[in-house]
Amino acid sequence: MSLKNKVLFITGASRGIGEAIALRAARDGAKIAVVAKTAEPHPTLPGTIHTAVEKINKAGGQAIGIQCDIRHQDQVTEAINKTVEAYGGIDIVVNNASALYLQNTENTDVSKFDLVNSINTRGTWMVSKFAIPHLKKAENPHILNLSPPLSMETKWFAPHVAYTMAKYGMSMCVLGMAGELKKYGIAVNALWPYSLISTSAMLLVSEKNPSIKTRTTEIMSDSAHIILSKNSKEASGNFYLDELLLRENGVSDFEKYNTTPGTSLNSLTRDFFLDSTQIQKLMSLRKSSK
């Protein structure tokens with residue numbers, strides 16, 4: 001299926017995975033609201049809402065840039081209203097905006113706890129809430145959260161309790177809203193990467209540590225495109241893993257996603273929060289494809 005003329009509301013779309021998802025949809029001719037805080041160039045991270053809009057238009061889509069901090073209700077509702085005014089509605093919401101803070105409890109200030117939880121959990125919940133009235137009117141409505149499977153193991157919490165709570169909050173939105181919104185035919189799903197992804201922020205880290213082997217943002221955008229093209233009444237409440245989803249949909253060439261050419265599958269640096277059942281299934285598919 002194509003996303004032609006679909007209206008996407010993507011948070012954190014000025015760079016990274018959010019921008020990549022927007023560009024993949026743009027190739028179909030989608031209409032995209034680039035929703036992010038960055039309107040002026042960041043001192044270390046490339047990309048603004050304006051540069052993303054330019055790229056999307058060049059890729060074949062239509063875009064508007066909306067400066068928005070999803071911690072604030074008035075900014076969220078204004079961004080949604082601007083999108084509806086520009087494009088007539090909203091078909092898809094991608095909750096990509098997220099804050100990262102990997103510290104244990106003793107080393108986490110209350111302000112940092114508030115930051116990661118207000119952006120990740122509260123922001124995701126709030127954007128979804130105010131988009132629901134418009135999604136109910138859409139032909140094939142989707143909410144997609146960039147969040148992990150709910151693998152409730154101590155090892156995922158102990159190193160960074162506040163951050164894990166914040167990311168799992170996004171995933172609990174998937175679990176709850178998928179059931180809540182089923183009666184409206186609104187699909188709510190999650191997508192998470194098997195390996196670390198070479199976003200601008202991750203590039204700063206990997207440059208100092210060459211042993212980190214990542215994949216490009218395109219593996220996430222290709223995965224998201226598959227999810228958002230599904231029948232919303234038939235595919236909801238799922239926690240998708242990028243490589244596993246792509247393999248199940250016939251993709252066999254994963255070299256194209258390597259940041260470093262020739263990186264073996266076993267050399268990739270795994271992301272956090274991976275579910276053991278999904279990993280076992282992925283490894284089985286890898287073996288069968290050889």
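Just so it is clear, the structure is predicted and the values come from calculations on it, not from any experiment.
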Check step by step if side-chain contact (heavy atoms from CB on, under 4.5 Å) holds for Thr214 and Ile212. CA-CA 6 Å; Thr214 62; Ile212 295 176; 3.7 Å; yes
For the pair Cys68 and Lys37, evaluate side-chain contact (heavy atoms from CB on, under 4.5 Å) and give the outcome as yes or no after the intermediate values. CA-CA 5 Å; Cys68 174; Lys37 289 194 301 180; over 6 Å; no
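Within the model, atoms CG of Asn145 and NZ of Lys167 stand 8.5 Å from one another, a figure rounded to the nearest 0.5 Å. Rounding to the nearest 0.5 Å places OG1 of Thr48 at 10.0 Å from CD of Gln67.
Judged by distance alone, with hydrogens and angles left aside, the side-chain atoms of Thr260 form no donor-acceptor pair with the main-chain N or O of Thr263 at under 3.5 Å. The closest donor-acceptor contact from the side chain of Arg15 to the backbone of Gly47 lies under 3.5 Å. Side-chain N or O atoms of Ser288 include one that pairs as donor or acceptor with a backbone N or O of Leu285 at under 3.5 Å.
If you look at Phe9 and His134, their ring centroids are not closer than 6.0 Å.
Between the side chains of Asn120 and Ser98, at least one donor-acceptor pair of N or O atoms lies under 3.5 Å.
Between Phe273 and Trp192, the ring-plane angle classifies as tilted under the 30° and 60° cut-offs. Between Phe254 and Tyr257, the angle of the ring planes lies from 30° to 60°, which puts this pair in the tilted group.
Annotation: side chain of Gln62 is not in contact with side chain of Ile32 (no heavy-atom distance under 4.5 Å). Between Leu144 and Asn95, the closest side-chain pair of non-hydrogen atoms is not below 4.5 Å. A 4.5 Å side-chain heavy-atom check between Lys213 and Thr259 finds every atom pair outside the cut-off.
Both the sub-6.0 Å distance and the 45° axial angle are satisfied by Arg286 relative to the ring of Tyr194.
Scored by the side chain to side chain donor-acceptor pair (under 3.5 Å) test, Lys230 finds no partners at all (sequence neighbours excluded).
Between Glu218 and Arg24 there is no salt bridge, since none of the side-chain N atoms of the basic residue sits less than 4.0 Å from a carboxylate O of the acidic one.
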